[in-house]
Amino acid sequence: MVSTTDLPTKECRNSLSARTQPDVVSELIEKEVFKDSEKMEARLPLNKVDRICEFIKKLCRKKSCTKRELLQLLGHLNFASRVILPGRSFVSYLIGLSTTVNDLHHYVKLDKECRVDLEFWLLFLSSWNGVNMFYSRQFYSSYDMELFTDASSTKGFGGYFKGEWFYSSWPSNIAYPDKTFSMAFLELYPIVVSAILWGSQWTTKRILFWCDNEATVAIVKKGRSKCLQIMKLMRKLTWCACKYNFHFSAKHVPGYQNDISDALSRLQIDRFRKLAPNAAQHPMKCPSSSDVMWS
């Protein structure tokens, strides 16, 4: 199995192995990644960002590439992930793809899932200024942040954050009676909505989402899922984390339930008002499902 430490680091001028020469590679990468402790930010040189974008564009024009080319790309992305931590989850599929052939000159088919990941990187890097603020040292639990989300399989979903709130019945394309979508998907959905609406207020924070659904927690921690619909949500959540410069993980809390978000997910607004009398008078408008799910 290949991991990010096995990748040739092409940002180093020689094709060094991060596994066999970790100290040399780490030293060279640290020289390229500029860390400003006064401004509390890490930066990648824009010429490096442009180089990565050009490499991605080159591969996107192909139906297949050699294992060597794919490993070169992974070296670039592994380098960028030193600053863009949420992007690491969009390297794992490419790593797996690189293991499907043995020799460096063998060709790998760039399938749809691969292309979506490449497009994600390209879209973000093309609009990024190369700067990320340092994250907080500690994780903040969603409970401590007064961030509560919940989903009802038969009613809808809702979320609350420091007095602001949203709720909605399930869109017609996600209506649950036909059981097309799992509870892991449904629990993740309002988390993504909350990141879209409030992510700009979470800059530099490490957020630990509390959830009583083990499958959802595992997916959020790993950053990936075999379910294509869930991956659409994870890509959007990761996009928000990159855009607003926060980092996230999840913790399984058995039996965890917040009455405020439970009321919202069940569309019980009178009950919600009693539980949160100081909440904003009007809810925030929920983004459409097409805006919540990466396409």
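The model shown is predicted, which means the values in this text are computed figures rather than measured ones. These numbers come from the heavy atoms of this one structure, side chains and all, not from hydrogens, waters or symmetry mates. Note that the numbering runs from 1 along the sequence shown for the chain.
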**OP:** Classify the ring geometry between Trp198 and Phe166 as parallel (under 30°), tilted (30 to 60°) or perpendicular (over 60°).
**Re:** tilted
Original post:
Hey, does the side chain of Ser136 reach the backbone of Arg206 with a donor-acceptor pair shorter than 3.5 angstrom?
Top reply: yes
**OP:** Identify, with sequence neighbours excluded, every residue that meets side-chain hydrogen bond (donor to acceptor under 3.5 Å, both in side chains) alongside Asp259.
**Re:** none
Subject >> Sidechain-backbone polar pair: Ser142 side chain, Trp210 backbone, donor-acceptor under 3.5 Å >> reply: yes
Original post:
Is Phe248 atom CZ crowded by more than 12 heavy atoms from other residues, nucleotides or ligands, each under 6.0 Å away?
Top reply: yes
For residues 218-228, which side-chain donor-acceptor pairs fall under 3.5 Å, sequence neighbours excluded?
residue	atom	partner	partner atom	Å
Arg224	NH1	Ser89	O	3.1
Arg224	NH1	Asp117	OD2	3.1
Arg224	NH2	Glu113	OE2	3.3
Arg224	NH2	Asp117	OD2	3.4
Ser225	OG	Cys227	N	3.0

**OP:** Establish, yes or no, whether the cationic atom of Lys205 lies under 6.0 Å from the six-membered ring centre of Tyr140 and within 45° of the ring axis.
**Re:** yes
**OP:** Could you label the plane-to-plane angle of the Phe246 and Tyr244 rings as parallel, tilted or perpendicular, counting under 30° as parallel and over 60° as perpendicular?
**Re:** parallel
**OP:** Can you sort out the partners of Arg273 under side-chain hydrogen bond (donor to acceptor under 3.5 Å, both in side chains), two or more places apart, ordered by chain and number?
**Re:** none
**OP:** Could you tell me whether Glu54 and Lys57 make a salt bridge, using a distance below 4.0 angstrom between a side-chain N and a carboxylate O?
**Re:** yes
**OP:** For Ser64, check side chain to side chain contact (heavy atoms under 4.5 Å, CB included) against everything at least two apart and list the hits.
**Re:** Tyr107
Subject >> For Asp270, all residues meeting side chain to side chain contact (heavy atoms under 4.5 Å, CB included), sequence neighbours excluded >> reply: none
**OP:** For the pair Asp262 and Arg271, find out whether any cationic side-chain nitrogen is under 4.0 Å from an anionic carboxylate oxygen.
**Re:** yes
Subject >> Minimum side-chain heavy-atom gap Ile230-Ser182 below 4.5 Å >> reply: yes
Original post:
Mind checking what makes side chain to side chain contact (heavy atoms under 4.5 Å, CB included) contact with Glu69, not counting sequence neighbours?
Top reply: Lys58, Leu59, Lys62, Cys65, Thr66, Gln72
